[in-house]
Chemist: 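Handing you this structure, nothing more for now.
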Amino acid sequence: MAVPDEDSSSSQSRSSSDTKGKGAYYLAKCVLKGSAVLQAVHGHLRSSTSNDIVFGKETSIELVIVGEDGVMQSVCEQTVFGVIKDLAVLRWNEKFRAPDPQTLGKDLLVVLSDSGKLSFLTFCNEMHRFFAVSHLQLSDPGNSRHQLGRMLAIDSNGCFGAVSAYEDQLALFSVSISAGSNIVDKEMFYPSENEGDASSRTSRGIERTNICGTIWSMCFISKDDSQLSKDACNPVLAIILHRKGSVLNELLLLGWDTSDHTIHVLSQFTEPGPLALDIVDVPYGSGHALLFRVGDALLMDLRDPRSPSCVYRTSLSLLPSIVEEQNSVEQSSRGLDVDDEGSFNAAARALLELRDSRMEMSRDDDPMNIDSECGKISTARLVCSWSWEPGNTSTPRLIFSLDTGEIFTMEISSHPDGVKVNLSDCFYRSLPCKTILWVREGFVAALVEMGDGMVLQFESGRLIYRSPIENIAPILDMSVVDYHDEKQDQMFACCGMAPEGSLRIIRSGISVEKLLRTAPIYQGITGTWTTKMKVVDSYHSFLVLSFVEETRVLSVGLSFSDVTEAVGFQTDTCTLACGLVCDGLLVQIHKNAVRLCLPTTAAHPEGIPLTAPICTSWFPDNVSISLGAVGHNVIIVATSNPCFLYILGARSLSAYHYELYEMQHVRLQNEVSCISIPQRSSDFRSSMSFINVSGGGPGASLPAGVDIDNIFVIGTHKPSVEVLSFSPEKGLRHLSCGTISLTNTLGTTITGCIPQDVRLVLVDRLYVLSGLRNGMLLRFEWPATCAVFPSKVSSRSSFISSCFTNVDASYRKQKDPVLTGKQYCTPEWSEKAEEKVPVHLQLIAIRRIGITPVFLVPLCDSIDADIIALSDRSWLLQAARHSLSYTSISFQSATHVTPVCSVDCPKGILFVAENSLHLVEMVHTKRLNVQKFAIGGTPRKILYHNESRLLLVMRTDLETGLSSSDICFVDPVSGSLLSTYKLEAGEIGKSMQLVKVGSEQVLVVGTSQSTGRIIMSSGEAESDTKGRLLVLCLKHMQNTDSNSLTLCSKPGSSSHTSPFREIVGYATEQLSSSSLCSSPDDTSCDGVKLEETEAWRFRLAYQAILPGVVLAVCPFLDRYFLASAGNTLYVYGFLNENPQRVRRFAFGKTRFTITCLTTLYTRIAVGDCRDGILFYSYQEDPDLRKLGKLEQLYCDPVQRLVADCTLMDMDTAVVSDRRGSVTVLSRTIDLEENASPECNLTLSCSYYIGETVMSIRKGLLSYKLPVDDALKGCDSTDTRFDSAQNSIVASTLLGSVIIFIPISREEHEILEVVQARLVAHPLTEPVLNNDHNEFRGRGSPAGVPKILDGDMLAQFLELTSLQQEAVLSFSLGMSERDSSSSRSVSEPPTPVSQVVRLLERVHYALN
């Protein structure tokens, strides 16, 4: 099979910096999907018994579950390539759903999106993602308020559904019993689309009573089971309607006569009193519903829909509360002032749905109308979220959250004298919950708007907090830093708002909590293993460290003490393998012998009660052992010269006396490179096993003739992987063979393809993983359609011809082997025993993950456990995926790794890196690799100060003292505030930047001293606003008190003492109570208390009042800095490099308010709220007493409301706007020198994200593999600079992080064709059926090239090799051909290997 050409493909990784003037080529990849949850539903989506939750997050969906420990775990997250409007679950109902095998017994996820379609999705366990079953076209794509696509309601029985527009229109549909994959057989629009339309899509005789107004809420009214006959069931839909100019809202009941094909308004209900907000059906309530109003809730009797009535009223303002009022709750309800100019509050609220969008219906759609006032804080209690108890069919019980943050329950019960409503006391108090879900086992998922949500649980009549649901949205600012030279970038981000504002440290990859680290005194480690004392033990008992000429055994626990002598392992040799052969018997394999040991009680409480361990050994005949493996009741060793494979067993001779004996040996044709024995299927299942993605569906299937309890796999120098089996009755058999023959695109055989490690994995199906010595990773599977084994084969099978040259069939007649008391009889072996023809394994997937040998280490002793793939870096390989899916582990490069499971650290991992042992805890089911520091207020701006290695954070909305804003130094290790500078009372911080003055740096700060609106609706600045410009010196104050030093001692090392007695503190990524750095008294990574030995302070050096709010400041040319106030741009400088002597050198005006500034060398880029991006130059006046000149050079050709921008070079800018687009603009090459500056920038390319990008930063990101350097012999530093200096990192309001990677023109052409085929292929097409080209190009003029979609391209790596070939050979339609015009579709398809090579680079870099 052909694989990427290392020699030729590297030449294509040239930077786009050499394509100046020829177009910019980028690939955009979302490395962290948004965490703001806008919708949440639950159902049986993976199987009929699974309990799943789906989060709708604007542009992605995430499937999560709540574990038994109350921790929310992510199963999968999927980009939908569209904007989600609403979610619902269509319950499985065999009466109304055809028995489609793909969806049998499972609920369907129903998604309403901007595609104009209603999409029915099912979860595919094999592909580990959602696929579309059917789409229902409702309207044209877009977001018009008059088009269907705002709100979705599904009947609780899974029979009917309804979709509404924002205003005036809705549609009903019925689920088919015979339509198959179409799901929907009838759909009715109300009012009809066209007057007098006789089509089946509309009714002929709809009443003229209209629903003109805004639809706020709707639901179906449930009926008795006796009414669920398809012919007799006519649905009743209840809606809350707000008519323009009306004081009260109406409750309308609509009836759909499915036989007559008509929709009628059955009744109308309006009661004087508070404003009605929501209507909620009571499940199993047979015609009852709850009407939530401001301050109360009405239980409605709708059994007769023509005569609705209220049977019970509950006042929400009189509900009892057990928690006193907190001011922070009301503050969290205010509009988020996320923008520097303080005027984008309404846009932020609409995006994050802080207020229901129905409240924004009457607003103007002009994107420049950004100055509406914040909404008033509600003083009346109202229900903001609710959820019914699942499975309660007798007494429906509702949990609901008020806008005060209080959580109550409501129970509805039937009595002879009527329906009763019982309200509970307040169970819990937090921030108001935007969404609340009551799931299985009493768990409740409570999601708040701008902070972490919670998993709660009902226990003993109380609601108990279990775990957080992390939410980093909105990201208001960020700084990308290679902190402490850890060789991997991390992002420091300002997240959330008061009172939940926090500083977050974001990293890609799997979250790792660094617990302990030894001194770097462990040179020459050759292997690490952990073993148990008994097979059924939950935790490991021993840690084995092998050195070049030494072996040490440590007990696993709090102390990790050396117990080598008590275990009995030979200490003066290098251990090749070790393990537990059966309860109480440990085996050590070294080059001269196999040693069986019975540890004493000194090593383990369940050891033998003797003073010394009992040991026995088995020695091969005049050969050395090259490698081995230990499994349950079997030991396998191999020799290299000659090549033999030995099968050994252990038997008991008397009490505490055992012997090792040979059961069979064979001579091999090829030398063995690795051996792996899977754990027995009946072994204890560790808690570190991966989530069962099938959700409790059908169990895994085995190939015919394969018994998982007696098979093992070897790798050979042929090279190949061979699956063998051994049983005392049938001896050694050859089951399957996978030959490794890889070539590059030039047809040259790739060297180094010898397996370094192999593993058998059983998740849904049995497959073989192999890590090669050249850094490649392979996956083999049994053929799906072939007959696995013929029934009869004469003479010797290919077991001999393909793998073995001579079989020693003289199976030795031994005494009955006894293993720990159980008798196993060994029959006389026969050479003529029936043998089978081995199956040729199919090579499903190939990936390169590095250039060093790949080791495969399961996370636990389970055949379905996730696996750590260790090469140049550590990767977590997800065993449940159908191809090869791996994510980097957020840890430095390591040489060895082993899981360490103990009572104190059940999910521990021991890495060997830089001659040190690192004990970490990896929670690979954690949703986000994020560390949180709650710092109070709302963090607005963040900078990293290199000299102090501290963070500078600007905070607003503070509640302490007279000042509501300050600037502070923050320790990035502990999150503690070290020093602060408070702004004046009523003053709000808006901007800050570090500026160089001579050899030092000062902090330039811009503020607002005005209240109210600062920008007019036209985009111009208000004339009566003002701000302050400050220059703060950063002073280092050294503490000379020697008593304040706290140093960690480092005792001398000894070869027979516990390595963990030399532990020193290490900077943690995920602080916890078990971490050495988690308390205020803990030390930093160098063992010194930073806040006690040194301090940094602020000192005011200069200040000035400016006629406008200072929304942006920026350094310029190492001698100046820029500041904007309203629509005025100022150039300031320092005289004689003195921060106290600041002079204004120039100023200029724009037409509209300036929102951001950035510079590069002599180029100045200005972004405003209407004209987009403007390029300026500054010319000094020779006479320093006179002002210089600011001259506008180029102008944006498109009106845009700029959010942020950065300059890639002197003539290229990357700009984000408030509509969710990122655009690259550059100077036109053939522009004449005297050309007008109006509209003379060119739109090079654009990318619609669907989320507002708040911050754009340059990042150093290399998208090449280490093999590029190894084969090209180039300097990696130079390549990193050339190829990666123009990478862009962007963060959004919804918590997403997107990276834009520059690529070459040749790479862009190749991947553009691949993307076009991925968009069209059924396996990878947009799941909501969006027009991908239209979606990613939204908001840009026609003809502007699109930035490549890395999320779409990433799906290519998730496919098997056959699926990848099918995608590349997929025939495109005419529309797809038009969208992929850069390369002729008539050209032969690009080789799979070349595409994989390019995408592997991106995947390697982003992880």
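Because only heavy atoms are used, hydrogens play no part in the values below, and waters and symmetry mates are left out as well, while side chains stay in. Note that the coordinates shown come from a computational prediction; the quantities given were computed from them, not determined experimentally.
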Chemist: Please check: side-chain N/O of S424 versus main-chain N/O of T409, any donor-acceptor pairing under 3.5 Å?
Modeler: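 At least one qualifying donor-acceptor pair exists.
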
Chemist: Would a 4.5 Å heavy-atom cut-off, applied to side chains only, mark K186 and F173 as touching?
Modeler: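 The answer is no; the side chains never approach within 4.5 Å.
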
Chemist: Please answer whether the main-chain N or O of C212 pairs with a side-chain N or O of R243 as donor and acceptor at a distance below 3.5 Å.
Modeler: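 Looks like yes, one N/O pair under 3.5 Å.
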
Chemist: Please walk me through it: do S35 and L928 pass side chain to side chain contact (heavy atoms under 4.5 Å, CB included)?
Modeler: CA-CA 9 Å; S35 60; L928 299 175; 4.2 Å; yes

Chemist: Got a second to check how far K434's NZ is from Q39's CD, nearest 0.5 Å?
Modeler: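 Taking NZ in K434 and CD in Q39, the distance rounds to 7.5 Å.
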
Chemist: Side chain of D107, backbone of G43: donor and acceptor closer than 3.5 Å?
Modeler: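 No.
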
Chemist: Where do L112 and R150 come nearest, in terms of heavy atoms and distance?
Modeler: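 Of all heavy-atom pairs spanning L112 and R150, the closest is CD2-N, 3.7 Å.
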
Chemist: Looking only at non-hydrogen atoms, find the nearest pair between A238 and L251 and report the distance.
Modeler: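 A238 and L251 have their closest heavy atoms at CB-CD1, 4.0 Å.
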
Chemist: Give a yes or no on whether the backbone of V282 and the side-chain of S222 come within a donor-acceptor separation of less than 3.5 Å.
Modeler: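 Yes, because the side chain of S222 sits within donor-acceptor range (under 3.5 Å) of the backbone of V282.
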
Chemist: Identify whether the distance between the nearest side-chain nitrogen and carboxylate oxygen of R466 and E459 falls below 4.0 Å.
Modeler: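 Salt bridge: yes.
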
Chemist: Would you check if Q457 and V455 make a side-chain contact, meaning some heavy-atom pair closer than 4.5 Å?
Modeler: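 Not touching, per the 4.5 Å side-chain cut-off.
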
Chemist: Do the side chain of S385 and the main chain of C433 share a donor and acceptor less than 3.5 angstrom apart?
Modeler: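 Answer holds: yes.
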
Chemist: Which atom names give the shortest non-hydrogen contact between I472 and G1295, and what distance separates them?
Modeler: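 Looks like CD1-O, 3.6 Å.
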
Chemist: Just verifying a value: how many Å separate I65 CD1 and R46 CZ, rounded to the nearest 0.5 Å?
Modeler: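 It is 5.0 Å, given to the nearest 0.5 Å.
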
Chemist: Using only atom types and a distance under 3.5 Å, with no angle test, would you say the side chain of D301 pairs donor to acceptor with the backbone of S309?
Modeler: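 Answer holds: no.
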
Chemist: So, does N249 use its side chain to make a donor-acceptor pair with the main chain of A276 at under 3.5 Å?
Modeler: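 Checking the backbone N and O of A276 against the side chain of N249, a donor-acceptor pair under 3.5 Å is found.
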
Chemist: Could you tell me if the side chain of I407 sits less than 4.5 Å from the side chain of C426, heavy atoms only?
Modeler: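 SC-SC contact between C426 and I407 ruled out.
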
Chemist: Please examine the side chains of W216 and L275, heavy atoms only from C-beta on, and report whether any two atoms are closer than 4.5 Å.
Modeler: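 A side-chain contact under 4.5 Å exists here.
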
Chemist: With rounding to the nearest 0.5 angstrom, report the OG1 to CG distance, T314 to L298.
Modeler: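 Output value for this atom pair is 8.5 Å.
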
Chemist: Any side-chain heavy atom of V66 sitting closer than 4.5 Å to one from V71?
Modeler: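 A side-chain contact under 4.5 Å is absent here.
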
Chemist: Looking at every heavy atom in both P390 and R440, which two are closest together, and how far apart are they?
Modeler: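 Result for this residue pair: CG-N, 4.4 Å.
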
Chemist: Using a strict cut-off of less than 4.0 Å between a Lys/Arg side-chain nitrogen and an Asp/Glu carboxylate oxygen, indicate whether K420 and E411 qualify as a salt bridge.
Modeler: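 Salt bridge between K420 and E411, a charged N being under 4.0 Å from a carboxylate O: no.
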
Chemist: The test is side chain to side chain contact (heavy atoms under 4.5 Å, CB included); show your working for D278 and I240 and say whether it passes.
Modeler: CA-CA 7 Å; D278 292 288; I240 301 294; 5.8 Å; no

Chemist: Looking only at heavy atoms, what is the nearest atom pair of I221 and A289, with distance?
Modeler: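 Nearest pair, atom of I221 first, then A289: CD1-CB, 4.0 Å.
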
Chemist: Check whether NZ of the Lys or CZ of the Arg R306 lies under 6.0 Å from the centre of the six-membered ring of F269 and within 45 degrees of that ring's axis.
Modeler: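 Judged by the rule (NZ or CZ under 6.0 Å from the ring centre, within 45° of its axis), R306 is not positioned above F269.
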
Chemist: Taking the side chain as everything from C-beta on, heavy atoms only, tell me whether D425 gets closer than 4.5 Å to F408.
Modeler: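 Side-chain contact under 4.5 Å: no.
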
Chemist: List the steps, then state whether side chain to side chain contact (heavy atoms under 4.5 Å, CB included) holds for I61 with L121.
Modeler: CA-CA 11 Å; I61 50 178; L121 312 181; 4.2 Å; yes

Chemist: Would you say T59 and E1251 are linked by a side-chain donor-acceptor pair, where the criterion is simply a distance under 3.5 Å?
Modeler: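 Checked: E1251/T59 side chains pair up, N/O donor to acceptor below 3.5 Å.
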
Chemist: Is there a donor-acceptor contact under 3.5 Å from the side chain of S113 to the main chain of K85?
Modeler: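 Answer holds: no.
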
Chemist: Between atom CZ of F55 and atom CD of E62, what is the distance when rounded to the nearest 0.5 Å?
Modeler: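 Separation between the atoms: 6.5 Å.
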
Chemist: Can you tell me if S315 and D296 form a side-chain donor-acceptor pair at under 3.5 Å?
Modeler: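 There is no such pair (donor and acceptor under 3.5 Å, judged by atom type) between the side chains of S315 and D296.
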
Chemist: State, to 0.1 Å, how close G70 and S467 come at their nearest heavy-atom pair, and which atoms those are.
Modeler: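 Looking at all heavy atoms of both residues, the closest pair is O-OG, 2.5 Å.
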
Chemist: Out of curiosity, D257 CG to N234 CG, how far, rounded to the nearest 0.5 Å?
Modeler: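 Answer for the CG-CG pair, D257 versus N234, is 5.0 Å.
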
Chemist: Using modelled atom types and a 3.5 Å cut-off, is there a donor and acceptor pairing between side-chain atoms of E250 and backbone atoms of I239?
Modeler: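 Side chain of E250 to backbone of I239: no pair is present.
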
Chemist: Flag the pair L431 / E500 as yes when at least one side-chain heavy-atom distance between them is below 4.5 Å, and no otherwise.
Modeler: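 Side-chain contact under 4.5 Å: yes.
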
Chemist: How many angstroms lie between CG in L1294 and CG in N471, if you round to the nearest 0.5 Å?
Modeler: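 Going from the CG atom of L1294 to the CG atom of N471 covers 9.0 Å.
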
Chemist: Are F292 and W386, when compared by the centres of their aromatic rings, separated by less than 6.0 Å?
Modeler: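 Here the rings of W386 and F292 have centres that are less than 6.0 Å from each other.
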
Chemist: Can we call the ring centroids of W438 and F458 under 6.0 Å apart?
Modeler: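 That pair passes the under 6.0 Å test.
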
Chemist: Is any side-chain heavy atom of I84 less than 4.5 Å from a side-chain heavy atom of V111?
Modeler: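 Result yes, sub-4.5 Å side-chain heavy-atom pair found.
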
Chemist: Look at the side chain of D957 and the backbone N and O of A498, then say whether any donor-acceptor pair between them is shorter than 3.5 Å.
Modeler: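 No; judged by distance alone, with no hydrogens or angles, the pair does not exist.
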
Chemist: For side chain to side chain contact (heavy atoms under 4.5 Å, CB included), just list the numbers for F123 and L109, CA-CA rounded to whole Å, side-chain angles, deciding distance to a tenth of an Å, and then say yes or no.
Modeler: CA-CA 8 Å; F123 187 79; L109 181 67; over 6 Å; no

Chemist: Does this structure show an ion pair linking E470 with K932, if we count only N-O contacts that are shorter than 4.0 Å?
Modeler: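 No, E470 and K932 are not salt-bridged.
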
